[in-house]
Protein chains: 2
Amino acid sequence: MKWDTLDEEPCSLSRTVAVVGDRWTLLILRECFLRVRRFEGFQSSLQITRHLLSERLKKLVRFGILRRVPYSEAPKRYEYILTQKGLDLYPIIMAMVHWGDAHMGDERGRPLLHEHKTCGKQFDPVMVCSECGEVLHAKQVHVHPGPGRKEAVAG
Amino acid sequence: MKWDTLDEEPCSLSRTVAVVGDRWTLLILRECFLRVRRFEGFQSSLQITRHLLSERLKKLVRFGILRRVPYSEAPKRYEYILTQKGLDLYPIIMAMVHWGDAHMGDERGRPLLHEHKTCGKQFDPVMVCSECGEVLHAKQVHVHPGPGRKEAVAG
DNA sequence: TTTGACAGTTCTATTTTAGAACTATAGCCT
DNA sequence: AGGCTATAGTTCTAAAATAGAACTGTCAAA
């Protein structure tokens with residue numbers, strides 16, 4: 001596969017995989033959602049090699065997921081802030097956290113609990129239909145080719 | 001990082017990344033949701049090398065995402081079917097498809113449209129709070145360490 | 001008996017990643 | 001001034017993963 005053009009495939013899943021589909025990127029984004037913003041912060045909490053961290057941050061900036069914002073002039077220093085495009089990855093992260101909670105847990109219980117400030121309760125993320133609000137299940141979804149494609153390819 | 005023990009980290013995101021966090025696995029799962037079940041089917045639609053496909057299918061079976069079910073006795077042939085654990089990955093896939101639709105599109109429009117059989121409408125997947133039903137946003141979620149962890153690490 | 005379908009395995013070459021050391025700028029301390 | 005520390009990288013070699021192609025084994029159909 002040509003990973004360098006995966007983001008141009010006529011499949012929205014492929015395009016997303018082109019951005020977050022490697023071993024480190026999702027873990028870096030997890031740190032972003034936990035308010036980590038600086039090179040040393042990512043490096044020390046993830047134990048990622050400095051070389052790869054540098055590469056991944058560049059890639060995320062290139063894709064418009066992070067913004068590189070100066071926070072010191074001399075010496076020039078930058079921090080990495082989620083853009084709106086980056087913030088919109090939240091449902092992906094939460095879906096993955098929830099699946100991990102449900103299916104990869106051990107006897108110790110969940111590593112983290114999530115509280116919804118709006119209602120004050122501990123919750124789980126649930127995926128629903130934008131039109132009727134019902135919980136979504138794979139078997140209730142029918143896929144049609146859209147204008148960006150002839151034959152169906154992605155789920 | 002020790003990728004071989006990532007599934008035991010005290011972080012549900014890491015544990016999920018251990019399973020689906022590589023270049024091919026999500027694309028293989030996409031095919032599964034499109035009803036592809038056989039080795040040659042995956043290989044021809046993905047153009048993945050046979051070696052890697054074989055490895056990834058084994059890994060997915062080992063993690064209980066796919067079941068290897070015989071469909072022919074002589075010669076012995078198997079197909080790969082999503083388990084419930086695998087079907088539960090659907091929200092992750094849909095969240096990724098939706099993000100791709102929203103942020104990685106081109107002038108041709110969406111590659112695929114999704115129809116919810118339950119209500120008959122074309123829809124987008126939306127992530128909501130299991131308790132109050134409101135749409136979830138990162139800034140409205142507070143993270144607490146749970147029983148499986150001392151200090152907070154994941155979003 | 002030969003061909004073809006299917007589900008892999010094995011091999012070498014290339015690319016990616018790990019791990020450690022090195023560079024560069026500047027503030028602070030003595 | 002001289003040395004220490006903090007930050008944000010870059011550069012190097014070794015190890016691991018992936019690509020690409022060829023090969024194996026089983027059986028059915030021609």
Side-chain angles (χ1 to χ4, degrees), chain A residues 1-7 9 14 17-29 31-32 35-63 66-82, chain B residues 1-7 9 14 17-29 31-32 35-63 66-82:
Chain A
M1 162 125 350
K2 3 71 212 162
W3 293 107
D4 45 334
T5 57
L6 190 60
D7 58 316
E9 290 275 300
S14 296
V17 168
V19 181
V20 303
D22 68 81
R23 285 162 142 61
W24 282 112
T25 300
L26 282 164
L27 298 177
I28 292 171
L29 288 167
E31 298 302 306
C32 293
R35 318 269 189 277
V36 172
R37 305 173 153 207
R38 298 184 184 177
F39 193 94
E40 297 294 323
F42 293 110
Q43 206 281 320
S44 65
S45 64
L46 292 173
Q47 298 297 103
I48 183 176
T49 66
R50 308 178 75 78
H51 180 31
L52 269 218
L53 176 57
S54 176
E55 288 252 313
R56 291 295 185 267
L57 290 172
K58 276 180 200 156
K59 177 175 150 188
L60 288 168
V61 168
R62 198 167 63 243
F63 276 117
L66 297 177
R67 240 182 16 257
R68 190 156 171 271
V69 180
Y71 73 90
S72 150
E73 280 307 317
K76 269 277 187 192
R77 295 269 145 81
Y78 299 88
E79 48 190 12
Y80 297 87
I81 315 275
L82 284 164
Chain B
M1 161 126 351
K2 3 70 210 165
W3 294 106
D4 45 333
T5 56
L6 189 61
D7 58 315
E9 290 274 300
S14 296
V17 167
V19 180
V20 302
D22 68 82
R23 285 163 142 62
W24 281 112
T25 299
L26 282 163
L27 298 177
I28 292 171
L29 289 166
E31 297 302 307
C32 293
R35 318 267 190 276
V36 172
R37 306 174 152 205
R38 299 184 184 177
F39 192 93
E40 297 294 321
F42 292 110
Q43 205 281 318
S44 66
S45 66
L46 291 173
Q47 299 297 104
I48 182 175
T49 66
R50 309 177 75 77
H51 180 33
L52 267 220
L53 175 57
S54 177
E55 288 251 313
R56 291 293 186 268
L57 289 172
K58 276 180 200 156
K59 177 176 148 186
L60 289 168
V61 168
R62 198 167 64 242
F63 275 119
L66 297 177
R67 240 182 16 257
R68 191 157 171 268
V69 180
Y71 72 93
S72 150
E73 279 305 318
K76 271 276 188 194
R77 293 273 143 79
Y78 299 89
E79 47 189 14
Y80 298 87
I81 314 276
L82 285 165

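To find a chain, count down the sequence lines: A is the first, B the second, and so on, and within it residues start at 1. Given the structure is predicted, the values throughout are model-derived calculations rather than measurements.
Rounded to whole Å, the distance from CZ on A/Phe39 to P on C/dA24 is 17 Å. For the pair B/Leu60 CG and C/dG8 P, the interatomic distance rounds to 13 Å; values are reported in whole Å. Note: CG (A/Leu46) to C1' (C/dG19) measures 16 Å, nearest angstrom. Atom OH of A/Tyr78 and atom P of D/dA6 are 23 Å apart (whole Å).
Rounding to the nearest 0.5 Å gives a distance of 10.5 Å between OG1 of B/Thr25 and CD of B/Glu55.
B/Tyr78 meets the side chain to side chain donor-acceptor pair (under 3.5 Å) test with no other residue; sequence neighbours excluded. Under the side chain to side chain contact (heavy atoms under 4.5 Å, CB included) criterion, B/Arg23 pairs with A/Trp3, A/Asp22, sequence neighbours left out. When the side chain to side chain donor-acceptor pair (under 3.5 Å) test is applied to B/Arg37, no partner is found at least two apart in sequence or on another chain. Under the rule for a side chain to side chain donor-acceptor pair (under 3.5 Å), A/Arg67 has no partner lying at least two apart in sequence or in another chain. Residues forming a side chain to side chain contact (heavy atoms under 4.5 Å, CB included) with A/Gln47 (at least two apart in sequence, or on another chain): none.
Contacts of A/Tyr71 with the nucleic acid, taken as non-hydrogen atoms under 4.0 Å apart, involve only primed sugar atoms and P, OP1 or OP2.
Put simply, B/Arg37 has no side-chain N or O that comes within less than 4.0 Å of OP1 or OP2 on C/dA7. Dashed line: the shortest gap from a side-chain N or O of B/Tyr80 to OP1 or OP2 of C/dG8 is under 4.0 Å. The side chain of B/Lys58 places no N or O atom within less than 4.0 Å of a non-bridging phosphate oxygen (OP1 or OP2) of C/dA7.
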Using nucleotides 17-21 of chain D, report all nitrogen or oxygen pairs with the protein that are shorter than 3.5 Å.
from: D/dT18; atom 1: OP1; to: B/Arg56; atom 2: NH2; distance (Å): 2.8
from: D/dT18; atom 1: OP2; to: B/Arg56; atom 2: NH2; distance (Å): 3.2
from: D/dA19; atom 1: OP1; to: A/Trp3; atom 2: NE1; distance (Å): 3.2
from: D/dA19; atom 1: OP2; to: B/Trp24; atom 2: NE1; distance (Å): 3.1

